[in-house]
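So that the names make sense, note that chain A is the first sequence line, chain B the second, and so on, each numbered from 1. As a basis for the values below, the full set of heavy atoms in this structure was taken, side chains included, without hydrogen atoms, waters or symmetry mates.
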2 protein chains.
Amino acid sequence: MTESGNKSDWRERKKAATRRSIQGHAMRLFLEKGYDATRVEEIAAAAGVSIMTFFRYFPTKEHVAAEDDYDFLIARLVEDSADGEPLVGRIHQALRGGLAQIYATDRQALLDRTRLILTTPALQGRMWQNQAVTQQHIVRALSGETVDKDGELRLKVQVAASFAIATVAMLEWAAAPEEGELPDRIDKAFAAFDEGARKG
Amino acid sequence: MTESGNKSDWRERKKAATRRSIQGHAMRLFLEKGYDATRVEEIAAAAGVSIMTFFRYFPTKEHVAAEDDYDFLIARLVEDSADGEPLVGRIHQALRGGLAQIYATDRQALLDRTRLILTTPALQGRMWQNQAVTQQHIVRALSGETVDKDGELRLKVQVAASFAIATVAMLEWAAAPEEGELPDRIDKAFAAFDEGARKG
DNA sequence: TTCTCACATGTTAGTGACTCACACTTGGAG
DNA sequence: CTCCAAGTGTGAGTCACTAACATGTGAGAA
């Protein structure tokens with residue numbers, strides 16, 4: 001079986017499966033009994049691994065709940081969006097597009113996760129950190145388009161503000177999902193910002 | 001000495017002193033040896049109290065480093081600012097004024113604290129949480145000015161974006177304080193946002 | 001003054017997240 | 001078959017944080 005491109009994607013697949021198993025059982029338990037009331041010992045047992053193995057896959061208990069694979073997607077979409085337009089608009093569209101994509105297959109998971117974060121203070125901090133990392137990614141990727149220091153600041157500020165707006169939308173959605181779906185809420189949030197900027 | 005208004009502000013003052021002592025020694029140790037390398041036990045010993053007492057004054061180790069008494073001030077300034085103007089402008093001015101005030105007496109402490117947060121991932125999460133709380137305060141305080149649901153969203157979005165902008169300014173300042181003082185950096189950040197919103 | 005209550009603090013024994021050093025198992029290559 | 005390496009388990013330990021209970025010390029009532 002040496003014909004498959006990589007030396008041993010056997011192991012890779014097994015590791016991915018273990019990872020998914022841990023994360024799946026963790027989320028299930030978090031939703032069932034709450035984040036704090038769930039010990040990593042339980043998660044490990046449910047996934048059929050030892051505590052040590054749990055920590056080899058996830059650096060902290062928080063990471064299992066707050067890690068998002070979407071950051072990379074969003075960052076790429078922003079990068080690929082057309083230059084020239086106002087940056088806030090580009091980010092708005094990238095977020096909208098990326099979330100619609102995620103939404104199509106993982107709506108419930110995204111909702112569950114966001115609600116869990118919303119009700120667990122410890123996870124909120126981790127969420128913001130994740131966002132900060134994504135923002136830095138985007139700023140670094142886009143800083144090629146500009147050269148001067150003022151442009152750099154403009155970039156950072158625009159990205160930060162855009163993410164703040166999107167986060168409001170996301171939290172509002174998680175708090176009351178029956179009042180409208182996420183892509184709409186994103187649009188509404190950005191619209192509300194434009195509106196407010198003009199007439200206070 | 002019973003003429004002083006309250007029954008026993010003696011105790012109050014002593015508690016305040018203990019609190020300041022703990023916080024002072026904590027910050028000193030954090031700056032000397034780093035946040036992670038400083039055990040609560042050391043802080044307590046330095047302040048001459050037990051570990052238990054430490055936790056009675058501060059719910060977590062993070063709180064000693066990331067707690068800011070400025071939130072209340074900022075929130076009040078925003079509330080008191082003139083209605084009618086665009087909200088982002090009001091928050092900008094309130095932040096500017098409040099920080100200038102803090103700045104006059106506590107510049108170095110503010111810088112130290114911000115740098116500590118900047119270099120300690122665990123504290124960044126706490127910082128964002130603090131900001132979220134302040135934002136909610138402001139939104140609640142100002143939601144009297146508006147009634148409808150759209151106005152509420154507008155409020156939340158404007159406040160979140162404004163704080164995001166201000167935070168960029170603060171972090172930039174902490175990363176390179178020699179490139180300009182904080183109030184200026186705040187102005188520049190808001191200016192950079194306006195600029196970027198128009199010409200991308 | 002003295003008794004006593006309230007409140008701040010200390011002590012001890014935990015729990016749970018997370019780490020480190022080391023031993024064991026097992027699939028795959030020579 | 002043997003040896004290597006990667007994945008995993010074990011056990012002991014650190015540190016943040018908590019709960020139950022004991023102690024000391026002002027302050028007001030008797």
Side-chain angles (χ1 to χ4, degrees), chain A residues 1-23 25-26 29-30 33-67 116 120-123 125-126 129, chain B residues 1-23 25-26 29-30 33-67 116 120-123 125-126 129:
Chain A
M1 302 308 177
T2 47
E3 84 245 35
S4 79
N6 239 325
K7 32 203 167 190
S8 55
D9 73 332
W10 194 94
R11 287 164 192 272
E12 298 307 317
R13 255 185 293 132
K14 176 159 186 178
K15 286 214 295 184
T18 305
R19 187 188 176 78
R20 265 196 309 276
S21 169
I22 292 173
Q23 197 155 32
H25 286 287
L29 288 166
F30 290 160
K33 354 184 337 181
Y35 177 81
D36 291 323
T38 306
R39 279 161 294 148
V40 331
E41 188 184 351
E42 298 178 67
I43 303 171
V49 298
S50 72
I51 296 177
M52 207 40 228
T53 299
F54 174 96
F55 283 112
R56 277 198 261 259
Y57 280 88
F58 297 94
T60 71
K61 182 182 168 188
E62 290 177 5
H63 277 81
V64 197
E67 186 170 87
L116 185 64
T120 312
L123 294 178
R126 185 67 57 178
Q129 275 181 257
Chain B
M1 302 309 178
T2 47
E3 83 246 33
S4 78
N6 240 326
K7 31 202 167 192
S8 56
D9 74 331
W10 192 90
R11 286 167 192 271
E12 298 308 317
R13 254 184 292 132
K14 177 160 185 176
K15 287 214 296 183
T18 304
R19 188 186 175 78
R20 265 196 308 277
S21 169
I22 292 173
Q23 198 157 32
H25 286 288
L29 288 166
F30 289 160
K33 359 183 335 184
Y35 177 81
D36 291 323
T38 306
R39 276 160 298 149
V40 171
E41 189 185 348
E42 298 178 68
I43 302 171
V49 298
S50 72
I51 296 177
M52 214 30 236
T53 299
F54 173 96
F55 283 112
R56 276 198 261 258
Y57 280 89
F58 297 94
T60 71
K61 182 181 167 188
E62 290 177 4
H63 277 80
V64 197
E67 187 169 87
L116 185 63
T120 311
L123 295 177
R126 185 67 57 177
Q129 274 181 258

Inset, instruction - Could I get the full list of side chain to side chain donor-acceptor pair (under 3.5 Å) partners for Thr60(B), not counting sequence neighbours? - result: His63(B)

Legend entry - Interatomic distance where CD belongs to Glu12(B) and C1' belongs to dG26(D) [whole Å]: 14 Å

Legend entry - Strand contacts (DNA chain C) in residues 39-54 of chain A, 4.0 angstrom heavy-atom criterion: Arg39(A), Val40(A), Met52(A)

Legend entry - Degree of bending in the helix from dT1(C)-dA30(D) to dG30(C)-dC1(D) once both end axes are built from five pairs, to 10°: 10°

Legend entry - With Thr38(B) via side chain to side chain donor-acceptor pair (under 3.5 Å) - residues at least two apart: none

Inset, instruction - Please state whether the base of dG9(D) and the side chain of Arg56(A) form at least one donor-acceptor pair under 3.5 Å? - result: yes

Legend entry - Atom-pair distance (NZ on Lys33(A); P on dG16(C)), nearest Å: 10 Å

Inset, instruction - Rounded to the nearest angstrom, tell me the gap between atom CZ in Phe55(B) and atom P in dA8(C). - result: 19 Å

Legend entry - Separation of dG26(D) P from Lys14(B) NZ (nearest whole Å): 8 Å

Legend entry - Nucleotide dC18(C), atom P - distance to NZ of Lys61(B) in whole Å: 14 Å

Legend entry - Pairing residues for Gln23(B) by the side chain to side chain donor-acceptor pair (under 3.5 Å) criterion, not counting sequence neighbours: none

Inset, instruction - Identify which nucleotide among dT9(C), dG27(C), dG26(D) has an atom closest to any side-chain atom of Arg11(A), counting heavy atoms from C-beta outward. - result: dG27(C)

Legend entry - With sequence neighbours excluded, residues passing ring-ring contact (aromatic ring centres under 6.0 Å, His included) with Tyr57(B): none

Legend entry - Sugar-phosphate, base or nothing in reach of Lys15(B), heavy atoms under 4.0 Å: sugar-phosphate

Would you mind writing out the side-chain donor-acceptor pairs for residues 39-47 of chain A within the sub-3.5 Å range, not counting sequence neighbours?
| residue | atom | partner | partner atom | Å |
| --- | --- | --- | --- | --- |
| Glu42(A) | OE1 | Lys33(A) | NZ | 2.7 |
| Glu42(A) | OE2 | Lys33(A) | NZ | 3.2 |
| Glu42(A) | OE2 | Arg39(A) | N | 3.0 |

Inset, instruction - Establish, with yes or no, whether the OP1 or OP2 oxygen of dA8(C) is under 4.0 angstrom from a side-chain nitrogen or oxygen of Tyr57(B). - result: no

Inset, instruction - Send over the distance from Asp36(B) CG to dA16(D) P, rounded to a whole Å. - result: 9 Å

Legend entry - side chain to side chain donor-acceptor pair (under 3.5 Å) against Arg19(B), all qualifying residues, sequence neighbours excluded: Glu67(B)

Legend entry - Main-chain N/O of Thr53(A) paired with Ser50(A) side-chain donor or acceptor, under 3.5 Å: yes

Inset, instruction - State the CZ-OG1 distance between Phe54(B) and Thr18(B), to the nearest 0.5 angstrom. - result: 13.0 Å

Legend entry - Between dC15(D) (P) and Glu62(B) (CD): distance, integer Å: 17 Å

Inset, instruction - Provide the full list of salt bridge (Lys or Arg N to Asp or Glu O under 4.0 Å) pairs with a residue in residues 51-66 of chain A, sequence neighbours left out, each pair given once. - result: Glu62(A)-Arg126(A)

